[in-house]
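Below you'll find the structure, written out as structure tokens, and then a few comments.
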Amino acid sequence: MTTKQSNQAVNYDAVVVGAGFSGLYMLHRLREAGFSTRVFEAGEGVGGTWYWNRYPGARCDSESIYYNYTFSEDLYKEWTWSSRYPEQPEILQYLNFVADKFKLRTDIQFKTRITASHYDEENNKWRIQLDDGTNVSAKYFITGVGCLSAANLPNFDGLESFKGEWYHTGHWPHEEVDFKGKRVGIIGTGSSGVQAIPVLAAEAGHLTVFQRTPQYSAPARNHPYDPEYIRQSKENFNEIKKQMRESQGGQPLVPPTKSALEVAPEERNQVYENAWANGGLGIFSAYYDITINEAANETAAEFIRSKIREIVKNPETAEKLLPSYYYGTKRPIIDTNYYESFNRGNVSLVDVKKAPIVEITPKGLKTTEGEYELDAIVFATGFDGMTGPLLKIDIRGRDGVSLKEKWAGGAHTRSYLGIANAGFPNFFMITGPESPSVLSNMPVSIEQHVEWIGDCIEYLSKSGIETIEAKVEAEEEWSKHCREVAESTLFTKTDSWYTGANIPGKPRGFQIYLGGVGAYRQKCDDVAAKGYEGFALMSSSRTALL
Ligand code: NAP
């Protein structure tokens, strides 16, 4: 680790924000191509999402042999995952292994947050402000801030008066938190809450789950890997990599060709039963029309509801747990004993849609129906997704216009390919809004962006081009296309963090590209092959070449 003082007035070819999956590979890619590159990371170590999200039960819900980098065959073969859905510590260990293998730490400055980055038009440089009061500059400014790193802590009255301890799943302490025998309340039943609830239930004296929207979840059925399975995956590295990169969701799966409505109910039920027994997201991907057709969606939704009724012994509790929104239009969840937790004597469920939370009190939490005394509160209340992490930094492009101002009407209205923005030359976003990102297997989408950005910077450098900037028309066309694809699905019919609906006052708009990883990669490659179509390439900051 290098010192903070060494940054005073230093200039780099590229500055990258964040040392998670994105930032680590971006650093490696640019350094290999000979560009001076510096990563700034707020945490004390590498890992990004997997550094911060260390709540009890945190684990990945993409299968581990696919949830890793594939840019290096050596790396793929050197690392061996223990199980299908490994827990957070193992994923963090993997990212540390990557950082060590490629000797990345020397170019990462930890415990440093970038507070602002302003484009200096005259000198064609990004002026970057750090929270230690120093600043650096760079020709290229690249964000690898993750899609889900700005925690959403609802603005409940009285939190400061609470006498117990409280935690947010996305900012979990590094020390072990002891819930033994305590009265614990958890707010939120998204992916984080559903993973944490069974683990907290096993430890707490009593766990009260404050649920606003019931969730569809399917069993993960995690298991240790058979060494033979691992051997085969390593042997088939190239094929797996190709399939993932050309797929819809970044997994090497054969896409479904049948409609849920064209098969007999008995056959369909058997397909769902098999998926339930195998664990994972098999129900979500069983038929091609689950997320586009209401009746098809209802078949999967009702199947999961029937499982909830079967698992949860108390009919009143089961009823409260039954979801009604379109299955899959909030992030589909996989779990380990989630619904089963509600059969425990020490777990109770409170419906805060019916009786909303009014305040946090010194003793606990008050809803419109009563007060719950608690020793600890866990906020599993999610994130200001996609735009939130970017807008935490004061990013300003040409004429001092901020990204916040540009996106005041909603992210969906303005980005080119989810990578670039008109008015912001030489600024790239890894898995930005309007790219497949969180609706795909993240490492696959991250690698695609990193490689595209790396290739682009190499091209600019070799061609003597000083700036690249998205054109307004290209941006509008891409945003329109993203909206049209989203509106052809059921995703836009549900309030979720995908649409920004979870953050009071956030402009609504579907923030993710749903056209699929393979098609999206093709589009990005075509743009590059056509000399960066849709971008203005300039020999200086204002002189257009193309
Ligand atoms: P989330 O899906 O946004 O869930 C937040 C939960 O908090 C929801 O149940 C929400 O209810 C509730 N909530 C928010 N504000 C509330 C309020 N004021 N009062 C009562 N309830 C409130 O967040 P998350 O669970 O952290 O997951 C976010 C995303 O992170 C996931 O969708 C996924 O992409 C990713 N993630 C992935 C994994 C994994 O790979 N295994 C694990 C964790 C997270 P409503 O639904 O009613 O808004």
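Source: prediction; values computed, not measured. Remember, it's 1-based here, ligands and their atoms both numbered in the order they're listed.
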Glu302/Lys307 ion pair, N-O < 4.0 Å: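 Looking at Lys307 together with Glu302, the answer is no, because their closest N to O distance does not fall below 4.0 Å.
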Check ion pair Asp384-Lys392 (N to O, under 4.0 angstrom):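 Between Lys392 and Asp384 there is no salt bridge, as every charged N stays at least 4.0 Å from the carboxylate O atoms.
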Minimum side-chain heavy-atom gap Tyr25-Val98 below 4.5 Å: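 Result no, sub-4.5 Å side-chain heavy-atom pair not found.
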N/O of [X] under 3.5 Å from N/O of ligand 1, yes or no?
X	value
Tyr55	no
Gln215	no
Ala380	yes
Ser191	yes
Lys330	yes
Trp50	no

May I ask which of [options] has a heavy atom nearer to [atom] than the others do?
atom	options	value
atom 14 (C) of ligand 1	Gln195, Arg212, Met442, Arg331	Arg212
atom 8 (C) of ligand 1	Asn155, Leu153, Val194, Thr189	Thr189
atom 45 (P) of ligand 1	Asp495, Val209, Val352, Thr213	Thr213

Do the side-chain N and O atoms of [X] and [Y] include a donor-acceptor pair separated by under 3.5 angstrom?
X	Y	answer
Ser348	His206	yes
Ser437	Thr431	no
Asn421	Ser415	no

Any [X] heavy atom less than 4.0 Å to ligand 1:
X	answer
Val438	no
Phe210	no
Tyr67	no
Thr169	no

Residue Pro154 vicinity, atoms of ligand 1 by number, heavy atom under 4.0 Å: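 With Pro154 as reference, the close atoms of ligand 1 come out as 15 (N), 18 (N).
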Ring center gap for Tyr167 and Phe379 short of 6.0 angstrom: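 Between Tyr167 and Phe379, the centre distance exceeds or equals 6.0 Å.
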Intermediate values then yes/no, salt bridge (Lys or Arg N to Asp or Glu O under 4.0 Å), Asp178 and Lys180: CA-CA 6 Å; Asp178 184 6; Lys180 263 185 231 88; 3.6 Å; yes
Parallel, tilted or perpendicular: ring planes of Tyr229 versus Tyr225, cut at 30 and 60 degrees: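 The arrangement is tilted - the two ring planes meet at 30° to 60°.
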